[in-house]
Structures are given as C-alpha cells and as structure tokens.
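See below for the structure under consideration.
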Amino acid sequence: MLRRDLSPTAARVSGGGDNHEHEVVMKTQGEIEAAICEGTRRFEQEYMGRGPKDIHAHLITDCLVVRLQGVLTAAEQHLVKSLPAEKGRDLLKQVRTHLIETARPLMEAMVLEATGVQVVSLHHDISTLTGEEVFVFTLAESPLFRETKKK
C-alpha cells in the first residue's frame with residue numbers, strides 16, 4: 001500500500017503480514033517520461049521492426065502523450081508513394097492500427113510498469129506525410145512522482 005502522506009521523496013510499503021516495511025523511492029516526472037520513451041522505443045524496434053528517429057513523452061496529469069518521429073519503414077514509405085494518395089494512407093493507417101490493437105496489452109503493461117497506474121484507454125494515429133506517430137494513454141489516475149529540486 002502506497003501512502004500519500006509521507007515525504008515527497010519516499011514512501012513506505014507494508015510487506016503484507018510480516019510487519020516489515022520497505023522503503024520505495026519514487027521516480028520524478030522526468031524519470032517516468034524517460035522510462036516511457038525507452039519502453040516505446042523497445043516496443044517499436046521489437047514489434048514493428050524499426051525504432052523511431054526521435055521520441056518524446058509528456059505526462060499531463062492522468063494523460064500520457066508519446067510522440068515518435070521517423071517511424072515509417074522503407075517498405076511503408078514505398079507503399080504510400082506507389083498507391084493513390086488516399087488509398088496508401090488509409091491502408092497504412094489500417095495496418096498500423098491493427099498492429100497496435102494486437103499489441104495493446106504489451107503497451108499497457110509497459111505504461112503500468114513506468115507509472116504505477118493502469119491504462120484506461122489508448123488512442124493512436126500516424127501521419128504518412130511526416131512519418132510521425134502519436135500515442136495518447138488515458139490513465140486511471142495521475143501517477144505519483146516526487147518533485148525535482150529547483151536550482
């Protein structure tokens with residue numbers, strides 16, 4: 001059980017019925033966002049076959065936005081160029097959406113591990129023009145994180 005009334009840098013977690021308490025150091029918002037970026041990068045490389053050129057995650061209360069740039073494979077770029085504009089775009093979006101929905105449990109588990117909060121919903125889109133992909137996760141609540149020291 002995580003108690004919210006302790007110091008901002010640590011929380012005590014009861015160890016069940018053994019009367020032992022364990023100190024758990026909470027992540028900062030930046031550490032959570034970095035873990036999301038790394039997990040998403042690993043997912044893209046292992047599941048989609050190619051990692052993004054650039055990736056950013058933004059935690060905004062109970063909403064997590066992940067923006068990836070440079071995600072289209074050479075085959076996807078060729079497909080989009082070789083078909084009529086709308087058809088190529090729609091086909092690529094349809095395939096990517098199906099792949100993301102199939103892998104949704106993996107993405108949700110990665111977000112849960114990084115934030116400590118369950119995912120309520122996942123939204124996804126990709127641009128065939130810019131090669132940009134966006135994930136928006138709605139979380140069950142705002143994750144707890146420790147404040148960083150201001151300089």
Side-chain angles (χ1 to χ4, degrees), residues 1-4 8-16 22-148:
M1 175 171 98
L2 190 58
R3 293 184 47 196
R4 295 172 187 256
T9 58
R12 295 203 183 276
V13 178
S14 292
H22 306 283
E23 192 93 0
V24 176
V25 177
M26 292 172 53
K27 295 176 186 173
T28 64
Q29 181 175 348
E31 289 169 336
I32 291 171
E33 292 169 343
I36 293 295
C37 287
E38 181 53 35
T40 305
R41 180 182 309 281
R42 197 169 43 252
F43 167 80
E44 288 282 325
Q45 286 174 335
E46 293 172 6
Y47 199 82
M48 299 297 202
R50 176 195 170 143
K53 287 191 172 118
D54 197 25
I55 182 169
H56 295 278
H58 306 277
L59 180 59
I60 308 157
T61 61
D62 64 347
C63 186
L64 176 63
V65 178
V66 184
R67 180 180 174 207
L68 301 90
Q69 294 172 297
V71 297
L72 295 178
T73 65
E76 289 171 329
Q77 291 173 13
H78 181 71
L79 177 70
V80 169
K81 289 177 185 171
S82 67
L83 294 172
E86 278 187 35
K87 186 169 182 149
R89 181 196 68 214
D90 292 347
L91 181 60
L92 180 61
K93 285 182 177 231
Q94 192 176 27
V95 169
R96 281 279 182 146
T97 299
H98 183 71
L99 288 170
I100 296 302
E101 284 301 318
T102 302
R104 184 178 177 144
L106 296 172
M107 297 289 288
E108 290 181 354
M110 179 269 299
V111 171
L112 174 61
E113 183 178 332
T115 65
V117 178
Q118 290 284 339
V119 173
V120 174
S121 63
L122 165 60
H123 309 277
H124 167 264
D125 199 10
I126 188 167
S127 169
T128 57
L129 295 177
T130 64
E132 181 176 270
E133 187 172 27
V134 178
F135 294 97
V136 179
F137 297 90
T138 304
L139 307 176
E141 61 184 338
S142 297
L144 292 176
F145 55 85
R146 67 181 163 86
E147 296 296 319
T148 55

Within a radius of less than 6.0 Å around CD of Gln118, do more than 12 heavy atoms belonging to other residues, nucleotides or ligands occur?
no
Can you name the closest pair of heavy atoms from Pro52 and Val71 and give their distance?
CB-CG1, 3.7 Å
Can you list everything that forms a salt bridge (charged side-chain N to carboxylate O under 4.0 Å, His left out) with Glu46? Sequence neighbours excluded, please.
none
As a quick check of understanding, evaluate side-chain contact (heavy atoms from CB on, under 4.5 Å) for Val66 and Phe137, giving each step before the final call.
CA-CA 8 Å; Val66 184; Phe137 297 90; 4.1 Å; yes
What pair of heavy atoms forms the shortest contact from Arg50 to Leu72, and how long is it?
NH1-O, 2.8 Å
With Thr97 via side-chain hydrogen bond (donor to acceptor under 3.5 Å, both in side chains) - residues at least two apart
none
Please evaluate residues Lys27 and Arg146 with respect to the criterion side-chain contact (heavy atoms from CB on, under 4.5 Å), reporting the C-alpha separation (whole Å), side-chain torsions for both, the decisive distance (0.1 Å), and the verdict.
CA-CA 6 Å; Lys27 295 176 186 173; Arg146 67 181 163 86; over 6 Å; no
What residues, two or more places apart in sequence or in another chain, satisfy side chain to side chain contact (heavy atoms under 4.5 Å, CB included) together with Leu59?
Gln29, Ile32, Glu33, Leu64, Leu139, Pro143, Phe145
Quick one: which residue pairs count as a ring pair (Phe, Tyr, Trp, His ring centres under 6.0 Å) with a foot in residues 30-54, not counting sequence neighbours?
Phe43-Tyr47
Side chain to side chain donor-acceptor pair (under 3.5 Å) pairs, two or more places apart, involving residues 78-90:
none
Residues two or more places apart in sequence or in another chain: which of them pass salt bridge (charged side-chain N to carboxylate O under 4.0 Å, His left out) with Glu44?
Arg96
Side-chain donor/acceptor pairs under 3.5 Å, residues 102-115, sequence neighbours excluded:
residue: Thr102; atom: OG1; partner: His98; partner atom: O; Å: 2.8
residue: Arg104; atom: NE; partner: Glu108; partner atom: OE2; Å: 2.6
residue: Arg104; atom: NH2; partner: Glu108; partner atom: OE2; Å: 3.4
residue: Thr115; atom: OG1; partner: Val111; partner atom: O; Å: 2.8
residue: Thr115; atom: OG1; partner: Val117; partner atom: N; Å: 3.1
residue: Thr115; atom: OG1; partner: Val117; partner atom: O; Å: 3.3

Taking side chain to side chain donor-acceptor pair (under 3.5 Å) as the cut-off, I'd like each qualifying pair that reaches into residues 57-70, sequence neighbours left out, listed once.
Arg67-Glu132
Measuring from atom CG of Asp54 to atom CZ of Arg41, what distance do you get when rounded to the nearest 0.5 angstrom?
7.5 Å
Student check: side-chain heavy atoms of Leu68 and Thr40 closer than 4.5 Å:
yes
Take Leu144 and Met26 through the side-chain contact (heavy atoms from CB on, under 4.5 Å) test and state the conclusion after the steps.
CA-CA 8 Å; Leu144 292 176; Met26 292 172 53; 3.4 Å; yes
Beyond-backbone contact of Ile100 with Met48, side-chain heavy atoms, under 4.5 angstrom
yes
